[in-house]
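Below is one structure; the comments refer to it alone.
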Amino acid sequence: MKSILIRNIKSLSGVRDANVRLVSGAEMKILPAIENAFVLIENGLIKAFGRNEGAPERADEVIDATGKFVLPTWCDSHTHLVYAGSRENEFVDKIKGLTYEEIAVRGGGILNSAKRLAETSEEELFDSAWLRLETIQDFGTGAVEIKSGYGLSYDAELKMLRVIRRLKEKSALTIKSTFLGAHAYPAQFKTNHEGYLKILLGELLPKIADEGLADFIDVFCEESYFSAAETDRILAAGVKYGLKPKVHVNQFNVLGGVAVSINYGALSVDHLEHISDEDIAALKNSNTMPVALPGCSLFLKIPYTPARKIMDAGLPLALATDFNPGSAPSGNMNLVNALACINMNMLPEEVINASTLNGAYAMNVTQELGSITIGKKANLILTKPVSSLAMLPYTFGDNLVERNIIG
Ligand code: NIG
Ligand code: FE
């Protein structure tokens with residue numbers, strides 16, 4: 001039984017009751033905190049916290065946090081961090097003026113990553129993903145969702161999901177896995193959508209459910225990818241196999257994917273660079289978390305998700321990296337938070353709530369993560385000495401996380 005005491009904390013931020021599962025609208029401006037605080041960790045869980053005067057005398061390890069903040073680790077609820085190779089050639093093409101869609105038409109994009117992934121062994125995939133996990137841990141991430149979707153065949157999708165399962169087994173981070181076989185139609189099924197859907201729904205889903213290889217199901221609902229009607233069919237099948245939907249919607253076009261996702265009880269709808277009044281109204285009558293991915297907006301030079309419009313409607317919002325080789329080759333949640341402040345007019349308190357508690361909600365781990373709550377996992381960010389938490393997004397591109405304590 002190992003205990004860690006962190007004392008003399010300048011501010012212990014994100015303190016919440018266990019029954020608070022998410023924060024919405026104007027509440028997102030509030031980040032409850034205790035000044036001059038201590039927190040006691042036992043067996044990887046938050047055992048006690050409060051004002052410094054009440055701190056226990058001893059523990060196996062004592063950390064002095066004078067001048068430093070402690071807050072819950074980031075919950076990055078949307079990534080594609082298992083992938084093969086990289087796509088910096090497309091990055092250069094983009095600089096020369098090609099759009100994401102033009103690059104995809106030329107055989108770049110998701111299909112390019114799928115080709116490389118098919119040629120890469122499970123071992124190599126695991127090793128490269130492991131390095132990415134180590135990198136995001138340094139940035140303060142304590143939980144991460146990882147999608148398949150660069151396999152796009154029976155064997156390669158299973159290979160990706162098995163890599164994610166191994167990451168879950170080996171890493172101390174909390175990891176959730178999502179089946180995104182419906183990421184793009186492989187070239188040979190371009191005009192035979194039924195053929196591909198038969199593999200996804202008839203062969204892969206039963207196998208994945210049987211082996212417990214995924215927690216969630218996702219679809220890229222977008223023009224030239226999966227229509228709203230196809231999304232409906234795929235989510236219906238996923239739900240039948242016990243997979244909760246988390247769906248790519250409204251990245252370039254509003255196709256009605258938000259309403260379809262909500263209809264199947266989606267945990268989250270992600271991207272939302274475009275959002276209609278109907279989408280907002282539907283979200284208000286749902287338990288679905290909107291998720292913004294500002295790293296993707298930066299990298300693709302597409303609009304940012306209208307965060308103020310969403311929060312002003314009284315809705316919650318989560319932030320995630322979308323870490324992937326094509327549209328967001330960075331897993332840095334600190335940068336995501338800075339982008340949300342700079343380009344989405346979110347306040348520092350709002351981005352911290354969006355990246356901790358609401359992120360935890362969007363990957364179904366609020367019971368154990370996302371806030372400073374007795375009994376939750378002690379996945380905690382210890383900052384460098386800083387004058388206020390606004391310093392984190394203010395120093396964009398920097399990393400003021402001194403230590404990421406995982407349990
Ligand atoms: O979330 N939008 C779809 N999927 C990824 C991009 C994937 C890629 O380009 O490789 C995204 O942005
Ligand atoms: Fe994505």
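In each ligand, atom 1 is the first atom listed, and ligand 1 is the first ligand listed. Atom set for the values below is all heavy atoms of this structure, side chains included, hydrogens, waters and symmetry mates excluded.
- Taking the ring centre of Y150 as origin, the terminal cationic atom of R116 falls outside the region bounded by 6.0 Å and 45° from the ring axis.
- For ligand 1, the atoms sitting less than 4.0 Å from at least one non-hydrogen atom of F220 are 2 (N), 3 (C), numbered in the order shown with element in parentheses.
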Open item on the list: Could you go through D270 and S268, starting from their C-alpha distance and side-chain angles, then the distance that decides it, and tell me whether this counts as side chain to side chain donor-acceptor pair (under 3.5 Å)?
Closed with: CA-CA 6 Å; D270 304 32; S268 70; 2.7 Å; yes
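- When hydrogens are left out, the protein atom nearest atom 12 (O) of ligand 1 is S327 OG, 2.5 Å; that is the closest non-hydrogen contact.
- In terms of protein heavy-atom proximity, atom 2 (N) of ligand 1 is closest to Q251 OE1, 2.6 Å.
- Shortest contact from atom 6 (C) of ligand 1 to any protein heavy atom: Y100 OH, 3.3 Å.
- Here the straight-line distance linking atom CD of E90 with atom CD1 of I103 works out to 5.5 Å at 0.5 Å rounding.
- Put simply, the side chain of V254 does not reach to within 4.5 Å of the side chain of E278, judged on heavy atoms.
- When the heavy-atom distances from atom 4 (N) of ligand 1 to H271, E90, H183 are ranked, the shortest goes to H183.
- Minimum-distance N/O/S atom of H80 relative to the Fe ion (ligand 2): NE2.
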Open item on the list: Before you tell me yes or no, could you show the steps for T174 and K377 under side chain to side chain donor-acceptor pair (under 3.5 Å), namely the whole-Å CA-CA distance, both residues' side-chain angles and the distance that decides it to 0.1 Å?
Closed with: CA-CA 10 Å; T174 296; K377 280 193 189 168; 2.8 Å; yes
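- Among the backbone and side-chain atoms of H78, an N/O/S atom is found under 2.8 Å from the Fe ion (ligand 2).
- For ligand 1, the atoms lying closer than 4.0 Å to a non-hydrogen atom of G326 are 8 (C), 9 (O), 10 (O).
- A salt bridge between K168 and D215 is present, with a side-chain N of the basic residue lying under 4.0 Å from a carboxylate O of the acidic one.
- Nearest N, O or S atom of H248 to the Fe ion (ligand 2): atom NE2.
- Ligand 1 has no atom lying under 4.0 Å from any heavy atom of E222.
- There is a side-chain donor-acceptor pair under 3.5 Å between E230 and Y185.
- At least one N/O/S atom of D322, from backbone or side chain, sits under 2.8 Å from the Fe ion (ligand 2).
- Near D322, the atoms of ligand 1 lying under 4.0 angstrom from a non-hydrogen atom of the residue are 1 (O), 11 (C), 12 (O).
- At least one side-chain heavy atom of D322 sits under 4.5 Å from a side-chain heavy atom of H271.
- One finds no salt bridge joining E349 and K29 here, because no Lys/Arg side-chain nitrogen approaches an Asp/Glu carboxylate oxygen to under 4.0 Å.
- In summary, H271 places no N/O/S atom under 2.8 Å from the Fe ion (ligand 2), failing the contact criterion.
- With Y225, F252, Y150, F299 as candidates, the residue nearest to atom 7 (C) of ligand 1 on a non-hydrogen basis is Y150.
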